There are 2 protein chains.
Amino acid sequence: MAKENKEDLTKERILDSAETLFAQKGFRAVSVREITSAARCNLAAVNYHFGNKESLYLEVFRSRWVPRARRVQESFRKSLAAQDSTSPEAVVSALAKAFLEGPLSDEERLRHSQLMTREMTQPTKAFEHVAEQIMQPFFQELADKLGSVLPNELEEEKMLLNIFSIFGMVLYFNFARVAVSRLTGEKYNAAFRDRLVKQITEFSLKGLNVNDEEELQ
Amino acid sequence: MAKENKEDLTKERILDSAETLFAQKGFRAVSVREITSAARCNLAAVNYHFGNKESLYLEVFRSRWVPRARRVQESFRKSLAAQDSTSPEAVVSALAKAFLEGPLSDEERLRHSQLMTREMTQPTKAFEHVAEQIMQPFFQELADKLGSVLPNELEEEKMLLNIFSIFGMVLYFNFARVAVSRLTGEKYNAAFRDRLVKQITEFSLKGLNVNDEEELQ
DNA sequence: GTTTGTATCAAACGTTTGTTTGAATGTCAA
DNA sequence: TTGACATTCAAACAAACGTTTGATACAAAC
């Protein structure tokens with residue numbers, strides 16, 4: 001091996017360009033030539049390093065998407081630990097901030113939610129990996145944390161649906177940036193992003209509040 | 001012209017298969033051969049009737065997606081008119097029902113929101129059409145209706161963000177069916193769909209409730 | 001019967017696609 | 001220096017792609 005240690009430059013550059021292009025256009029709409037051209041390497045490099053195009057796509061999720069998702073989760077936990085972690089406000093606010101103002105750059109956040117949205121609309125082999133490794137455990141963690149701080153006891157399914165509602169909003173405000181900007185007339189910048197975090201937090205908090213609840217069911 | 005009146009069978013069949021396939025896989029991932037094969041017609045029919053593949057995609061939005069969106073909106077208005085239309089409950093409940101239990105079949109609803117999600121993540125020429133003709137006016141209508149029934153006065157931007165929050169949830173629960181079913185362990189059937197309508201309605205209503213609101217800003 | 005216009009068809013067009021090949025280059029141990 | 005291995009490269013491969021073509025069928029108009 002030439003350079004086993006440190007980062008293998010070509011392989012890493014391919015993964016970088018591949019992730020960006022797959023997120024922007026989707027798997028089928030991106031050609032191997034486009035990827036290798038952006039990564040400034042030879043066409044055959046993809047097949048040499050990853051076998052084929054599909055394996056490259058899966059590797060993007062394994063070595064890029066999943067670690068990034070972990071970073072976001074870690075940021076959520078830290079943000080929560082820093083606050084008074086016994087209130088629903090703290091949990092929801094930490095969640096919104098982790099996903100809209102967390103450790104990722106705006107570009108990274110866009111790519112991240114674009115890839116996730118793609119997998120949710122038409123799951124590939126990558127979805128199983130993502131669901132098991134990231135989503136399932138994180139939603140469980142959220143349910144536990146919220147369950148321990150919410151005043152009323154909630155059945156598990158209801159708690160999960162609440163989390164989905166919040167998460168749907170978070171995802172939506174990330175992947176539908178263009179549409180939201182277009183329809184509000186506001187440019188997507190730091191100020192508007194802050195506005196969105198506030199919106200998600202306030203809306204979700206009220207949505208979670210089960211004070212005035214006495215369902216008939 | 002052979003059969004000007006009635007429906008032009010081949011052309012309509014192409015539009016049908018095209019919409020289904022574009023919704024499922026996206027523009028680039030669907031070949032013209034796949035479409036014409038599903039429509040049981042000759043390969044050249046797409047170019048004869050629509051000029052090229054891209055024009056066919058746009059025509060799917062003009063002649064299929066937009067009319068269907070109008071039907072959903074009409075269903076919302078009727079459902080609202082049938083209820084006591086002076087309460088926020090009525091508006092939100094009518095909205096959720098129109099988009100999850102409205103005039104569309106489950107398949108139609110899935111295709112519809114899949115196509116919309118695609119245009120929101122990576123807008124094509126179709127997006128301008130959709131935004132101007134459908135989204136912009138409908139969001140305005142929602143803002144007006146909600147504005148007239150909500151107890152407190154809301155600034156326009158805040159109202160729009162609230163609507164986006166609700167709409168994000170609606171879209172999410174439609175396009176992320178697979179993920180939601182997988183993570184809740186529930187099959188997506190009529191009963192679960194009812195559960196989702198209830199969830200969206202309750203969550204949104206609380207989210208909208210501005211009773212206990214006294215922001216500092 | 002002839003003409004005209006619409007629609008469908010099999011076949012072929014030139015590109016682009018993902019993948020393979022074999023030579024060339026560089027690196028390190030023997 | 002030699003041999004073995006990892007990596008890069010230009011070139012080529014067959015298959016799939018969107019699109020075009022010219023022939024054919026069929027109806028209505030003259």
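Each chain gets a letter, A, B and so on, in the order its sequence line appears, and its residues count up from 1. Keep in mind that this is a model prediction, so the values were computed, not measured. Only this structure's heavy atoms are used, side chains among them; waters, hydrogens and symmetry mates stay out.
Distance from the side chain of Lys53(B) is smallest to dG18(D) among dT17(C), dG18(D), dA10(D). For Tyr48(A), the listed nucleotide lying nearest its side chain is dT8(D); candidates were dT8(D), dC9(C), dT8(C). Distance from the side chain of Leu43(B) is smallest for dA12(C) among the nucleotides dA10(D), dT19(C), dA12(C).
Atoms CD1 (Ile14(B)) and P (dG18(D)) sit 13 Å apart, rounded to a whole Å. For the pair Arg28(B) CZ and dA16(D) P, the interatomic distance rounds to 17 Å; values are reported in whole Å. Here the C1' atom of nucleotide dA10(D) and the CG atom of Asn47(A) are 15 Å apart, to the nearest Å. Rounded to a whole Å, the CZ atom of Phe50(A) is 15 Å from the C1' atom of dT8(D).
Residue-level contact check: Ala45(B) touches neither bases nor backbone, having no heavy atom under 4.0 Å from any strand.
The ring pair (Phe, Tyr, Trp, His ring centres under 6.0 Å) test applied to Phe164(A) returns Phe139(A), not counting sequence neighbours.
The nearest pair of heavy atoms linking Cys41(A) to Thr10(A) is CB-CG2, 3.9 Å.
Under a 3.5 Å cut-off, the side chain of Glu141(A) and the backbone N or O of Phe138(A) do not form any donor-acceptor pair.
Of the side-chain N and O atoms in His49(B), one or more sit less than 4.0 angstrom from OP1 or OP2 of dT8(C). For dT8(C), one of the phosphate oxygens OP1 or OP2 lies less than 4.0 angstrom from a side-chain nitrogen or oxygen of Thr10(B). Between Asn52(B) and dG18(D) there is no side-chain polar atom (N or O) within less than 4.0 angstrom of OP1 or OP2.
Cation-pi geometry between Lys97(B) and Phe76(B) is not satisfied (NZ or CZ under 6.0 Å from the ring centre, within 45° of the ring normal). The cationic atom of Lys206(B) (NZ for Lys, CZ for Arg) does not lie both less than 6.0 Å from the six-membered ring centre of Phe203(A) and within 45° of the ring axis.
A donor and an acceptor atom sit less than 3.5 Å apart, one in the side chain of Asn42(B) and one in the base of dA10(C).
For residues 31-41 of chain B, proximity to DNA chain D is found at Ser31(B), Val32(B), Arg33(B), defined as any non-hydrogen atom under 4.0 angstrom from a strand atom.
Salt bridge Glu59(A)/Arg64(A): absent, no basic N to carboxylate O contact under 4.0 Å.
Inspection of the Gln199(B) and Asn162(A) side chains reveals an N or O donor paired with an N or O acceptor under 3.5 Å.
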